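Just so you know, these numbers come straight off a predicted model, no measurement behind them. Residue numbers begin at 1 in each chain, while the letters A, B, ... track the order of the sequences.
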Number of protein chains: 2
Amino acid sequence: MSHVLIVDDERDLAELIDFNLRGAGFSTRLAFTGEAALAAAREQSPDVVLLDLMLPDLSGIEVCRHLRANSQLRDVLIVMLTAKSEEADRIRGFEVGADDYVVKPFSVRELVLRLKAILRRSAAPKESVPPLALGPLRLDVTAHRFYVEGQETSLTALEFRLMEHLMARLGRVQSREQLLEEVWGLSSSLETRTIDTHVMRLRDKLGNARALLETVRGVGYRIVDPTAG
Amino acid sequence: MSHVLIVDDERDLAELIDFNLRGAGFSTRLAFTGEAALAAAREQSPDVVLLDLMLPDLSGIEVCRHLRANSQLRDVLIVMLTAKSEEADRIRGFEVGADDYVVKPFSVRELVLRLKAILRRSAAPKESVPPLALGPLRLDVTAHRFYVEGQETSLTALEFRLMEHLMARLGRVQSREQLLEEVWGLSSSLETRTIDTHVMRLRDKLGNARALLETVRGVGYRIVDPTAG
DNA sequence: CCCTTGCGTGACAAATGGGTGACGGACGCT
DNA sequence: AGCGTCCGTCACCCATTTGTCACGCAAGGG
């Protein structure tokens, strides 16, 4: 998913956040000082910086300013964390360009939701996605429906993701490793055979169109283009 | 877009809001006192008044009362800004007819979202948007009424918002996170199961039409289009 | 033609997600 | 103050989903 740089000098809190964000599927990195934060940000430009206002060396506001001044990092999303609802700090936080603001104490759940919300908003405003159509197959991401030869076919959430991934990469072989990483999220190390099982289940549901989901022995799987020779 | 009159005696905050609302496409005007606010309102009747409760001369509540008493301005939307502690003020704010309130400290994003939401809500009746009708369901946003098979069914405020959100997105799956963010407002962090409970309550009230509110396991909820194949 | 390796498949247990009833706190009304 | 309503949370239970395994077939190389 997205990469989050957590900047807070209270290690306990930082690690708590870290643990929870990882659990929510983010990749993370910690920094306990402003300098370390800037270094880390330069090194692997994160998608979001979670920035505590009170830091031992630079203040969060200064860190913010530095980030905004760096052309590489200008567009990073910044979420400020502050201990109290200190009006003045908050205002300065927005002035230097924080994208959102979370007041401590906050629930981790809320923090995660805010992060996801802010990321979603900054991403493409994809209200609805045109369905992927392909020969007898049609996959409607928005409605989360799947049709084979015009007949709706129910897929589980995982099957749907797998099918979407394959259809979006029409004709290209996807290795097991790729699929594990991109469909499953790689978080849990799975037996590779798991994929085979799910491909089989998907084929069952494809019925007559099962031939479209090809095995490439020793490599992976792909959806073939029915219109191509 | 819409014209907003910002009334707050803390100039820094007022200007911060001003800056951000302009960024969000609103036209704005500032007033730092209650008198100035009333004058500005009379002069160029705004669509929304963002009204701080604590003002040097008149209180926000008095300003509100004056606005409501003026036949020209009676229908202006009023959003109160209150500090968290002033619970009692909040209540009085609604009593005199504020349309929404935002508790300080608020994130500017939240404020903008609230403004847009309230404008959308109020824009609907003027354009005489027909009620959302859908098979046996009819939801009249203007009158805030809901009918199942022609029979009026009372929904709580929250249920109404949830139903409206789902019906307005006919056929599209809405994830729990989306619902939390857009129906609940994500200002408060909620257990995810809260949504399930409310969906269940909604279904109860749908009676025979309960099947129209579908669960998409592992994904979210959607209203099905009864006219679609 | 045989052997090796990769894959398909059916079975199964564990994990997950969601429906539901109950509870209690907060709020608003009288 | 007393009462009813609304809403968030919880615990329990069930159905479905999902990961894993074992078995056997099929493909491909020698």
Side-chain angles (χ1 to χ4, degrees), chain A residues 23-25 107-110 113 144 146 153-163 173-177 179-181 183-207 210-222, chain B residues 84 86-96 98 101 103 144 146 153-163 173-177 179-180 183-207 210-222:
Chain A
S107 84
V108 174
R109 184 186 301 280
E110 180 179 359
L113 284 176
H144 211 273
F146 180 65
T153 306
S154 78
L155 299 183
T156 71
L158 188 76
E159 286 163 359
F160 195 91
R161 257 180 292 147
L162 178 57
M163 198 66 208
V173 178
Q174 298 301 109
S175 72
R176 286 178 171 65
E177 288 72 27
L179 292 173
L180 274 183
E181 187 173 330
V183 177
W184 271 259
L186 184 67
S187 48
S188 57
S189 67
L190 298 173
E191 283 295 318
T192 344
R193 302 308 307 283
T194 297
I195 292 182
D196 301 32
T197 302
H198 281 281
V199 166
M200 185 200 70
R201 288 171 183 159
L202 211 39
R203 280 182 177 145
D204 276 352
K205 297 192 177 180
L206 292 184
R210 61 156 44 219
L212 293 181
L213 209 181
E214 282 189 345
T215 303
V216 182
R217 191 185 168 83
V219 185
Y221 295 96
R222 76 176 157 216
Chain B
K84 205 166 209 166
E86 298 163 349
E87 195 72 10
D89 287 344
R90 209 188 82 224
I91 293 168
R92 278 193 295 147
F94 272 122
E95 275 170 9
V96 288
Y101 69 93
V103 176
H144 210 270
F146 181 64
T153 306
S154 77
L155 300 183
T156 70
L158 185 56
E159 285 163 359
F160 194 89
R161 256 181 293 153
L162 177 57
M163 197 66 209
V173 173
Q174 298 300 109
S175 71
R176 285 181 170 63
E177 288 174 8
L179 292 172
L180 273 183
V183 176
W184 272 259
L186 82 61
S187 45
S188 62
S189 65
L190 298 174
E191 285 294 321
T192 340
R193 301 309 304 284
T194 297
I195 292 182
D196 302 40
T197 302
H198 281 280
V199 166
M200 188 197 67
R201 288 170 183 160
L202 210 40
R203 281 184 177 143
D204 277 351
K205 296 193 176 179
L206 292 184
R210 61 157 42 219
L212 292 181
L213 209 180
E214 282 190 344
T215 302
V216 182
R217 194 180 221 272
V219 185
Y221 295 96
R222 76 179 158 215

Subject >> Spacing of A:Thr194 atom OG1 and A:Leu158 atom CG [to the nearest 0.5 Å] >> reply: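 Reported to 0.5 Å precision, the distance equals 9.5 Å.
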
Subject >> Value rounded to 0.5 Å, distance of OG1 in B:Thr215 from CG in B:Asp196 >> reply: 8.0 Å

Original post:
Counting side-chain heavy atoms from C-beta on, which of D:dT18, D:dC10, C:dC7 comes nearest to B:Glu191?
Top reply: D:dC10

Subject >> Nearest to side-chain heavy atoms of B:Thr215, which nucleotide of C:dG18, C:dC7, D:dT9 >> reply: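 From the listed options, C:dG18 comes nearest.
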
Original post:
Can you find a donor-acceptor N/O pair under 3.5 angstrom joining the side chain of B:Arg193 to the base of C:dG17?
Top reply: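 Not at all, since no donor on one side and acceptor on the other fall under 3.5 Å apart.
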
Subject >> Quiz item: B:Arg217 side-chain donor-acceptor pair to C:dG17 base, under 3.5 Å >> reply: yes

Original post:
Just to confirm, is there a sub-4.0 Å distance from OP1 or OP2 of D:dC7 to any side-chain nitrogen or oxygen of B:His198?
Top reply: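 Checking D:dC7 against B:His198, no side-chain N or O comes under 4.0 Å of OP1 or OP2.
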
Subject >> Parallel, tilted or perpendicular: rings of A:Trp184 and A:His198 (30°, 60°) >> reply: perpendicular

Subject >> Residue met sooner reading DNA chain D from 5', once A:Lys205 and B:Thr192 are mapped to nucleotides >> reply: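 Nearest nucleotide further toward 5': that of B:Thr192.
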
**OP:** Would you kindly compare B:Ile195 and A:Leu158 by the position of their nearest DNA chain D nucleotide and give the one closer to the 5′ end?
**Re:**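 Final value for this comparison: B:Ile195.
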
Subject >> Most 5' of B:Asp196 and A:Val216 on DNA chain C, judged by nearest nucleotide >> reply: A:Val216

Of all heavy-atom pairs between [X] and [Y], which one has the smallest distance, and what is that distance?
| X | Y | value |
| --- | --- | --- |
| B:Arg217 | A:Ala157 | O-CB, 3.9 Å |
| A:Ile195 | A:Tyr221 | CG2-CE1, 4.0 Å |
| B:Val183 | B:Arg161 | O-NH1, 3.0 Å |

Nearest-Å distance, [atom1] ([X]) to [atom2] ([N])?
| X | N | atom1 | atom2 | value |
| --- | --- | --- | --- | --- |
| A:Glu110 | D:dT9 | CD | P | 12 Å |
| A:Glu214 | C:dG8 | CD | P | 12 Å |
| B:Leu180 | D:dC7 | CG | C1' | 14 Å |
| B:Glu177 | C:dG17 | CD | C1' | 15 Å |
| B:Trp184 | D:dC6 | CH2 | C1' | 13 Å |

Pairs under 3.5 angstrom, nitrogen or oxygen only, protein versus nucleotides 21-26 of chain C, please.
none

Subject >> Flag side-chain contact, heavy atom, 4.5 Å: A:Leu202 against A:Arg210 >> reply: no

Between the protein and nucleotides 3-5 of chain D, which nitrogen or oxygen pairs come in under 3.5 angstrom?
none

**OP:** Run through B:Lys205, B:Arg201, B:Arg203 and flag the one making a salt bridge (Lys or Arg N to Asp or Glu O under 4.0 Å) with B:Glu159.
**Re:** B:Lys205

Original post:
How would you label the contact of A:Tyr221 with the nucleic acid (heavy atoms, under 4.0 Å): base, sugar-phosphate, or nothing?
Top reply: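 Sugar-phosphate contact only.
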
**OP:** Please answer whether the main-chain N or O of A:Glu214 pairs with a side-chain N or O of A:Arg222 as donor and acceptor at a distance below 3.5 Å.
**Re:** no

